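Let me begin by presenting the structure, written as C-alpha cells, before commenting on it.
Quick caveat: nothing in here was measured; it's all calculated off a predicted structure. For this chain, numbers begin at 1 and follow the sequence in order.
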Amino acid sequence: MADPKGFLNHGREVARTRPVGERVRDWNEVYVPGSLLPIISKQASRCMDCGIPFCHNGCPLGNLIPEWNDYAYREDWTAASERLHATNNFPEFTGRLCPAPCESACVLGINQPAVTIKNVEVSIIDKAWDSGDVAAQIPERLSGKTVAVIGSGPAGLAAAQQLTRAGHTVAVYERADRIGGLLRYGIPEFKMEKRHINRRIEQMRAEGTRFRTGIEIGRDLKATDLRKRYDAVVIAAGATTARDLPAPGRELKGIYQAMEYLPLANKVQEGDFVAPPITAEGKHVVVIGGGDTGADCVGTAHRQGAASVTQLEIMPQPGEERHPGQPWPTFPMLYKVTSAHEEGGERVYSVSTTHFEGDEDGNVQWLHLVEVEFVDGKLNQKPGTERKIPAQLVTLAMGFTGTDVENGLVSQFGLELDARGNIARDADFATNVPGVYVAGDAGRGQSLIVWAIAEGRSAARGVDRFLTGASDLPAPIRPTDRSLMV
C-alpha cells in the first residue's frame, strides 16, 4: 500500500458535472472532461488495502480493486489497465453505468465515505485508451469451432470476446440495426457517449469477432437453422419484456414504454432522425417508475424541452443513510439524486396511478393518482388523496418481466423456462438443449451491467469446455449467485 494514511489525509471527491444550464442544451456526457485526473491519485490512495477486501464480494466480476487503486495512486496507468482488464472486458461501460455495489461493500465505508472506486476505474480505462494501452488480443491459433451469440448487450459482447480470444470463430447476431443492445439504444448519450461502444466493437472486429445486425433469431432466421450452422450457441437476448400498467385509459395515444421512447432519442444522435418521432418538447411529461430507466427518461425529457417532468414511484422515499436492516456490506436502498434529477422536475413517492384521461382525439391529457401506504405487507390506497396531474406524454419505466417469448426463439430451440420466466440453465450456464447456453438477463432476469459481463465471461467458460473438453477461461460467478443484499 503506497499511502497507509491516504484515507486519513484525504476526503472523498467525485467527478465534477457541467452546469445544468449548459448540459441540458446538448447530449454530451454530463461530467467535466478531464476533471478526474487531477484528483484521482489522491482518491485512489484512500484505499486501505484491507486484509479482507469486501469490495471483491460486492463486485460479481471479482475486480482486483486494491491492486489497481495502488497502481492509480502511483500513476502507473499501464499496470493499472492490465489489472483492470484481467477481470473486466469493458471497464469504460461499468465505470460509467454501474451503480457500484463495490463501493457499498468498501471497508472504509463502515464509518467514512467509501473510496471512489467507480471514478478510479473510469480514469484508468480512459487513460489506457488515450495512451494506446488497449489493443486487440488476436488468438495465436484457431480451434476450428464456431459459436453464435444472440444479442449484443454487455453479456453477449463479453461472451463473444472471451470465446474469440480462446480461438473460436464467433458471430454475434443483433436484431437492431447497430451493435450494443441496451447500451446502444437504452442508455442515453448523456450517460455514456456511444463512441465508447464503437471503439470496443472495432477492437473485437480486429480480434476476429463477426457481427450480424438486423437479424432477429426466431423471426428472420429460425433458431433451429442457426443451431445447425454453429457448434454452439450463446443466448444473451436480455429480459426485454417490459412490465405494463393495465390501468383504464392505457390505450390512449401518448403513453409509451420507456424502451419505445428512449431509443428514438439515441437514433437522433446517430443521425437517423432530425427530430425524434416521440418527443417531450412542450409537453407535460410523467415518468412512472423511480429507477435508473425512469431517470433516463427524465434526463431525455429535459433535453427535448419538456414543459414539466414528474416522476412517480409507488414505494416510499428511501432514506439518505443506511437502514439498520441493510447493514454494511450489503447494497443499501438509499435516496439517490442522479444527474437527471439535478436538472429539474418533481419526484413523487408513495403514489399509484388509477387511470388516464384523454381528449376527444384520444390523446392522453391527465393522469389520475392516489397516495398509497404499506400496511402489514399490503398496499392500501389512502382515501381522500386522489388527484390528477397534467400528462401529455407518459413513459412506463417499471422494469422487465423476462425474455421475449413471442419471437419464437424459446419455442424453436425447445428451451425450458424457470419459475420466474427466465431461460433455465445448469451450473455451466447450459440450457436443456445440448450446445445451447444462456448468459445475462435472459437467464438471470433483469439485473445490472456488471452482472451481465460476469455472466458472459462465465458462460464463455462453459461453452469453451463443451467445445474443447477443458477451459482456462475465468468464470467469476455461478448461475445461482446473487447480489450482496439483505
Quick one: do the [X] and [Y] side chains pair a donor with an acceptor below 3.5 Å?
X: His341; Y: Gln311; result: yes
X: Thr87; Y: Asn63; result: yes
X: Asp441; Y: Ser447; result: no
X: Trp451; Y: Ser483; result: yes
X: Ser143; Y: His168; result: yes
X: Gln137; Y: Gln203; result: no

Legend entry - Any donor-acceptor N/O pair, Arg184 side chain to Ile179 backbone, under 3.5 Å: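 Flag set: sc Arg184 to bb Ile179 pair under 3.5 Å.
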Legend entry - Pairwise ring-ring contact (aromatic ring centres under 6.0 Å, His included) hits with a residue in residues 177-229, at least two apart: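 Output for this query is empty, none listed.
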Inset, instruction - Check step by step if salt bridge (charged side-chain N to carboxylate O under 4.0 Å, His left out) holds for Arg461 and Asp428. - result: CA-CA 8 Å; Arg461 177 183 173 89; Asp428 286 329; over 6 Å; no
Inset, instruction - Let me see the working for Ile314 and Val351 under side chain to side chain contact (heavy atoms under 4.5 Å, CB included), right down to the final yes or no. - result: CA-CA 5 Å; Ile314 198 169; Val351 293; over 6 Å; no
Inset, instruction - Please tell me if the side chains of Ile389 and Thr310 come closer than 4.5 Å, counting only heavy atoms from C-beta onward. - result: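 SC-SC contact between Ile389 and Thr310 confirmed.
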Legend entry - Residues Arg212, Glu174; criterion salt bridge (charged side-chain N to carboxylate O under 4.0 Å, His left out); working and verdict: CA-CA 6 Å; Arg212 307 281 187 266; Glu174 170 57 52; over 6 Å; no
